[in-house]
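Chain letters run A, B, ... following the sequence lines, proteins first, then strands; residues in each count from 1. Please read all numbers here as calculations on a predicted model, not as lab measurements.
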Amino acid sequence: MSTNSEMPKTYEPAAVENKWYPLWEQRGYFHGKPDSRKKPYSIVIPPPNVTGILHLGHILNNTLQDILVRWRKMQGYEVSWFPGTDHAGIATESKVEKTLREAGKPGRDELGRAEFIKKIWDWRAEYGGTIIRQLRKLGTACDWERERFTMDEGLSTAVRKVFVDLYHKGYIYRGQRMINWCPVAKTALSDEEVIYRDTDGKFYHYEYPLSDGSGALEIATTRPETMFGDTAVAVHPADERYRHLVGKTVDLPLTGRKIPIIADDHADPEKGTGCVKITPAHDPNDFLVGRRHNLPVISILNPDASLNAECGPEFAGMDRFAARKKCVKMLEELGLMVKIEPIRHAVGYSERGDVPIETLVSSQWFCRMKQLAAPALEAVQSGKITFYPERWSKTYYHWMENIQDWCISRQIWWGHRIPAWYNRDTNEIYVGMEAPAGEAWEQEQDVLDTWFSSWLWPFSVMGWPEKTDALAYFYPTCDLVTAPDIIFFWVARMIMAGCEFMGDIPFKNVYFTSIIRDELGRKLSKSLGNSPDPLDVIDTYGADALRFSIIYIAPIGLDIRYSNEKCELGRNFANKLWNACRFRRLQGPVTAGFRDLSGVDHNLLTPDEKWIISWINEAVIMTNQALEEFRFHFAAHEIYELVWSTFCDWFIETSKVRLRGSEAEKQQVLQVLDFVLFKILRLLHPFMPFITEELAHQLDFLDENQTIMQEQFPRPLENMEIPSIMEKDHDLLDLVEAKFQLVRAGRSLRADYNIPDGKKINYFIKAVDRVNADFLTGETESLKILLGAAAIEISLEDYDAANRGAAPSQLANAGTIYLPLRRLIDIEGELNKLNGQKRELEGWIRGSRAKLANEKFLSKAPEKVVSAARGHLEELQQKLARVELLIRDLQ
RNA sequence: GGGCGAUUAGCUCAGUUGGCUAGAGCACUUGGUUUACACCCAAGUUGUCGGGGGUUCGAGUCCCUCAUCGCCCACCA
């Protein structure tokens, strides 16, 4: 793929990204198939809503999965990442309804069930692929041949089978229960779909007159309009104030009904007046009270939460909030209102409808969860499944230990229709995979909760209930990457379903991602306009830049504060890498040693070369380890530092000496550059797939028919591979580090004296000992290029200030570096600097001595720490002596 | 009411079993047309590690407590 044309100075992502993705896909690199010689690695994507468009949450989530997938693939696993979309019942139905309405076309009610569902399928055919296409822009290595949709035939079969099995096991039942009702979608919701928001409301205190005229009971409520459903007033059995009234009745205002005063523990004598109105049809507690006392259940609401005929002609059909105002007004007019207090309380909202939900009694289908939860709870407790970060397991335990029956029926049309049939003649219920024979049977109108198909995803995507090869090979999956807000909706339920239907957990690790917020810490939302379109970001900065930036800035287990500008980090990094490779290409063609350094006699490696190879090796170890532990952020920092600082700032700069040296020197350093660069590109590939593929080809590491995706991910060097490196020659590597430190000191001197970088200058270095002196002498050329020096004198002798004139200096571990100047130096400034250093050193020495004089420290601290402290003190004392010498020279 | 998390440089955040003088990016200052890169290079500036107490030879790190902010769960009328 390499061209003869020169690489541009600036990396241009768009062309590169558009070139590679189709090639990868066409060549089948993303496809995994059962292969007994390899270990399987599988992930299922959290299926995005088919109506969805890509947002930053998807970017983070799918980048993380892509990193894992590409990393494992390069490690030699047989990998499949199962992609797909979710039919998202309520969301999709309302989206299509809205689209039709806006187009002025007939909507749901006009079309009728069959036609409306057909419209949704049409819509899905046209727009449902949007998010999937967008994911490709990000570079995700999804196994597209295995893409599924939760309403596909196979997945629908799985849903029906699960429903039927659970029904016959007695887990699924139909019954009248208090449920959550969304007045917008006009359907039941599960408890998890209700969002509680603190809302400002009013607390109304008013009176119900006793029927015998002997007074009144004061009750309090935030929802006066529910009084039409009141069927009792409760007081506590032990409440002396009201004991004599139990059994009597009150006149329920606005209705003409008389309702009994009952004694029930539910009434709390401490709260308010101790009297509580009982509305069994619209309050979960009251429902229970009603059951205990056999109270009538009067439902007062229509499906859209307007009041119904039970409330009398004046209120029938009225909106619940208008009715509330009217009730209050009428109670006031009757003189029954005692007081109205402002109150801030939690109100349940419907996630989709964005309106307060109603609780009401309704016939719905439920799934008993207690038994299903037991093995799923155990799976996490025992460590068969691990959560990252671990603390989410607490949330999981708490929910699982208190799990409630799951309301699974929905009064919408888009979804898996419940496989139950009612016999018009006999009222029998039949539950089965197919409709029973005969005319009398009519199928249940309701569909299932969307999550009733999602919870089967890890095995339904693999073909279950068929016994497929994919299922045998890829189940259970390895890792799951998802946001913590669906831990109950999805994660917990998948674990339950896996244990129940597969007899095995669905995945081994769950990584919970951060939640992305804007710079101000606000949630991203369309209405706030603070939700950047990832495709715009990709256009501006490139997919690799977006991927890398978001991983780089993502704190572990915390929310991410994102802004587009932060993508500059990734863009700049990509450009840095690009230019490092560009530099390499300008030096000549690829060498033979790029995979294994085979063209080099390892014994001839220079200290710098050993140093960079050792750092690469360190980064390889750290990256692999970090990815094992899902510490993506750490891995990204590690590689960034390696590339930018270690490789570019130091190694490339120092390599220039040898690139301009003899042919043998040049060839050797080119081999090392190739070896290091090819490792860097592979190390970085899972994070930045496009640019690494492009560069591997630009540098001719790979030919046209090869891909970096199929290259081996770097492994730590083994002893035999490069013996001279693995001697663990720490002394040598320390000398190299000390050389670089000395360079920094020298540059600092130059800056202090405002000498332009281009001006060649001379340095004098007094080495601390012979080892350093000899080493530095061997490195003179390297020092010259790094310091921009014309000449460097390295000596074991003191600088001859008397004859050569005072010179500013800096201490480093390897020695003291002097910058002799032909002009006068700022003696006073130098003395100030040195005296400051002297005081500082003296302070540390005092502290260090005190520590070493502490017997407890000597006896209790580990030997390693004590000897380190001794060494440190020695070092400080040496430095102090050197500083004192410098001061004397200046005086 | 219960649980979880956060509080470290102007900003965003690292800091894994306690152990050399607490780090990075951005921002800022100064200098730079060194044939890879100005999306760059070099040199700098910036900290009572939220407050208080405790354990320890040693605490940003462990324990207690308080404060502030955020999230989740909970039937309170």
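Electrostatic pairing of E842(A) and R839(A) does not count as a salt bridge here, judged by no charged N lying under 4.0 Å from a carboxylate O.
The residue R582(A) sits close only to the backbone: its heavy atoms come under 4.0 Å of sugar-phosphate atoms, none of a base. At the heavy-atom level, K394(A) lies under 4.0 Å from the strands shown only through sugar-phosphate atoms. Among the heavy atoms of the strands, none lies under 4.0 Å from K864(A). Within the 4.0 angstrom heavy-atom criterion, no nucleotide atom of any strand lies near I553(A). Counting any heavy atom pair closer than 4.0 Å across all strands shown, A580(A) reaches a base atom. Nucleic acid contact for T221(A): sugar-phosphate only, since backbone atoms but no base atoms lie under 4.0 Å from a heavy atom of the residue. When heavy atoms are screened at a 4.0 angstrom cut-off, C581(A) is found touching no nucleic acid atom at all. Residue contacts shown for Y552(A) are limited to sugar-phosphate atoms, with no base heavy atom under 4.0 Å away. Using a 4.0 Å heavy-atom cutoff across all strands shown, P862(A) reaches at least one base atom of the nucleic acid.
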Begin with the C-alpha distance, continue with both residues' side-chain angles, and end with the deciding distance and a verdict on ring pair (Phe, Tyr, Trp, His ring centres under 6.0 Å) for F387(A) and W392(A).
CA-CA 7 Å; F387(A) 286 179; W392(A) 288 107; 8.9 Å; no

Going through the distances and angles, do F573(A) and Y552(A) end up as a ring pair (Phe, Tyr, Trp, His ring centres under 6.0 Å)?
CA-CA 11 Å; F573(A) 182 57; Y552(A) 189 94; 8.1 Å; no

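Each of D198(A) and E875(A) was assigned the nucleotide of RNA chain B with the nearest heavy atom; the assignment lying further toward the 5' end belongs to E875(A).
Judged by atom type and distance alone, E638(A) does not reach the base of A14(B) through any side-chain donor-acceptor pair under 3.5 Å. Below the 3.5 angstrom threshold, one finds a donor paired with an acceptor across the side chain of N285(A) and the base of C75(B). The base of C4(B) is not paired with the side chain of R391(A) by any donor and acceptor separated by under 3.5 Å. A donor-acceptor contact under 3.5 Å links the side chain of K576(A) to the base of C37(B).
Pair check for C71(B) finds G3(B); Watson-Crick or G-U wobble, both atom distances under 3.5 Å.
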